[in-house]
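As structure tokens, the structure follows; a few thoughts come after it.
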2 protein chains.
Amino acid sequence: MTPMPLHQPPGAERAAPRTPRGRRAPRPSGDDRQLAILATAERLLEGRQFHTISIDELARGAGISRPTFYFYFASKEAVLLALLDRVAEEAGRAAGEALLGLAEDPPARWRGALAAFYDIFRAHRAVVLAVVEAGASAGGAEVRGLWASVLGGWIAHTARAIEAERERGAAPPGPPAHELAAALNSMNERVFYSSFADDGLVPRGTDVVEVTLHVWLTAIYGTAGS
Amino acid sequence: MTPMPLHQPPGAERAAPRTPRGRRAPRPSGDDRQLAILATAERLLEGRQFHTISIDELARGAGISRPTFYFYFASKEAVLLALLDRVAEEAGRAAGEALLGLAEDPPARWRGALAAFYDIFRAHRAVVLAVVEAGASAGGAEVRGLWASVLGGWIAHTARAIEAERERGAAPPGPPAHELAAALNSMNERVFYSSFADDGLVPRGTDVVEVTLHVWLTAIYGTAGS
DNA sequence: CGAGAACATCGACACGCTGTCGACAACGGG
DNA sequence: CCCGTTGTCGACAGCGTGTCGATGTTCTCG
């Protein structure tokens, strides 16, 4: 038991909905605790850095003791991984949809995709900030890995779109599409991040979507297009 | 002498060069130790992550005990700060020179500036990787701050260059120069970093200077320019 | 040249956090 | 009604950090 691929340990796919009727259960069930930990983490993350949150706080916040925390998650990072899963899936889907029918109105579609990313990440910026922070340090290998695969997937998607634009003659030849896609996405990751972290690199009040969009359009089409 | 604002505590600005003649000093002097710590840090950083290096190792590597380490530096991060100071100054100077006479041959000058950054950071990639890692976690506030001011300085420099190009009519109007400069520099920071970290985002073998240069030129001038 | 100041060094301790072990409570089915 | 699964926690061992106080070393100046 406890095969636990990575994050999301046991109790994650426990079977039946043991009778929630009648007076409330004397002891909250495992699933509740699992969710309570996740909720506590997201709540604490709103106002503090990931590394300042101890496992004990997460546990206490969910009404359990520290050792018990380990029954649900293997580490603090595992909790973050679970949180990231949701956000990544949401963002990927939204941005993917935005690019459908690119040929009809490129500037508008690209803007839609960038905006989708921005909006969703912004809505969960506490998680995004924590992922970057955790990924860069200690037990962050897995966090970094998941993040890299998410971003990598989106880069591949972008690369295909660029190639399609070139093939239909809408965009001129240029650097290898995949490399260009990696550079552009890297820019957005960093700029959006700076914007959320408010670290002073991007001038306050900057419309980061518009600025990055300008760069994307000129880099892909050679003109500001509009 | 060695004004050194924050990190680099006491013993940093000791006066005279007490006679090094005669038989070798029984005890290495403070400055030697200071340097020994820096050297040890750079050496260890070549093969390991910043967070896996303990203060004890740094101390032992310099031939002193852990408590004594604190006589020279306030923390692990302070050591990194000292290392970063050097690299940042070197890179800033080199890239600044590369941009002189921009009007004569824009593409070549910009390429020179980006290449200067790339080369110098690459030569000290262990330090760069450590800075990003340390900046994102624990006592990284100061590291992050120094890094931000370095990058911020370069962004301002870039912004002025873009404005000059627009004024002399070489570049068309576009997004606010400072915002554009921030986005472009953010891209380079991230792409160069990925390249050094070999995290799989940027395809192996990519000529990151050429790719990012393409983006810079099209974003600033509206064409790939050659 | 000899004493005190400044420099340098380290043993030992107090902490805070992580991860694990073993014991034990609660509950649902045979 | 007994037992295995699910949950829970006290207590311990380990590791790294930062500090304090005692002590050795070197410089300076009267």
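Residue numbers begin at 1 in each chain, while the letters A, B, ... track the order of the sequences. Below, each value reflects all heavy atoms present in this structure, side chains not excepted, and no hydrogens, waters or symmetry copies.
- Nearest to the side chain of S75(B), among dA8(C), dG19(C), dG18(D), sits dG18(D).
- Taking atom NE2 of residue H51(B) and atom C1' of nucleotide dC15(D), one finds them 14 Å apart after rounding to whole Å.
- Looking only at distances, no side-chain donor or acceptor of E179(A) sits under 3.5 Å from a matching main-chain atom of T206(B).
- With hydrogens and angles ignored, the 3.5 Å screen pairs no side-chain donor or acceptor of R111(A) with any backbone N or O of L213(A).
- With hydrogens and angles left out, the side-chain atoms of W147(A) and E142(A) include no donor and acceptor closer than 3.5 Å.
- Rounded to an integer number of Å, the gap from CD1 of I55(B) to C1' of dC10(C) is 15 Å.
- Distance I53(B) CD1 to dC15(D) P: 18 Å, rounded to the nearest Å.
- Here CD of E189(B) is found 10.0 Å from OG of S194(B). Values are rounded to the nearest 0.5 Å.
- Following rounding to the nearest Å, E57(A) (CD) and dG16(C) (P) show an atom-to-atom distance of 13 Å.
- Set against dC7(C), dT18(C), dG7(D), the side chain of F71(A) has dG7(D) as its closest nucleotide.
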Considering only nitrogen or oxygen atoms on both sides, find all protein atoms under 3.5 Å from nucleotides 9-13 of chain D and state each distance.
from	atom 1	to	atom 2	distance (Å)
dC9(D)	OP2	S65(A)	N	2.8
dC9(D)	OP2	S65(A)	OG	3.2
dC9(D)	OP2	T68(A)	OG1	3.0
dC9(D)	O5'	S65(A)	OG	3.3

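- Atom-to-atom, CZ of F69(A) to P of dT20(C) comes out at 12 Å; the value is rounded to the nearest Å.
- Straight-line distance from the OH atom of Y70(B) to the C1' atom of dT19(D): 9 Å, rounded to whole Å.
- Across A134(B) and L80(B), no two heavy atoms sit closer than the pair CB-CD2, 3.5 Å.
- The interatomic distance linking F73(A) (CZ) with dG7(D) (P) rounds to 13 Å, in whole Å.
- Every side chain to side chain contact (heavy atoms under 4.5 Å, CB included) that R125(A) has, sequence neighbours left out, goes to F196(A).
- As rounded to whole Å, 11 Å separates atom P of dC10(C) from atom CG of D56(B).
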